[in-house]
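Computed from a predicted model, the values in this text were never measured in an experiment.
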Amino acid sequence: MAVLPATQREVRLLTKPTGLPRPEHFGVVETPVVPPAEGEVLVRNLFFHVFATLRILIAGATQDTPFPVLNAGDTLVGAAIGEVVEAPADSGFGIRR
């Protein structure tokens, strides 16, 4: 079992913009890494998809859509490409060491 880092980085919405989002509306924060629980795997994201609908989530214009609103302090959501760094031995997920 690999030694997990103590912290991870998350991109969060710091404040809700009026108009188009700008870099000052976002921040990178460090949070503790939580080991995966039973039935879970821990994934290190390598690439994150910044998609057009993210602007709608940030603006809160999600009425009548299946998307959640992003509020100040929330971590950005979206598709990502990553690698499994921790998984139960019987999970079927291979981990490169």
key: Pairs meeting criterion salt bridge (Lys or Arg N to Asp or Glu O under 4.0 Å) with involvement of residues 65-78, two or more places apart   = none

Report, one line per pair, each donor and acceptor closer than 3.5 Å where one atom sits in a side chain of residues 32-51; sequence neighbours left out.
unit_1, atom_1, unit_2, atom_2, d
E40, OE1, A37, N, 2.8
R44, NH1, E83, OE2, 3.0

ask   = Only one of T75, V28, V29 clears side-chain contact (heavy atoms from CB on, under 4.5 Å) with V11; which?
value = V28

task = List in chain and number order the residues that pass side-chain hydrogen bond (donor to acceptor under 3.5 Å, both in side chains) with R55, two or more places apart in sequence or in another chain; answer none if no residue qualifies.
result = none

task = Determine, using the 4.5 Å side-chain heavy-atom cutoff (strictly less than), whether V69 and L54 are members of one ILVMFWY cluster.
result = no

request  = Using the salt bridge (Lys or Arg N to Asp or Glu O under 4.0 Å) rule, collect all pairs that involve residues 7-17, keeping only residues at least two apart or in two chains.
outcome  = E10-R12

inquiry  = I'd like to know if I58 and I56 are part of one continuous hydrophobic network [Ile/Leu/Val/Met/Phe/Trp/Tyr, side-chain heavy atoms within less than 4.5 Å].
reply    = no

key: Residue pair L13 / T15: nearest heavy atoms and the distance that separates them   = CD1-O, 3.3 Å

task = Could I get the full list of side-chain hydrogen bond (donor to acceptor under 3.5 Å, both in side chains) partners for E24, not counting sequence neighbours?
result = R22

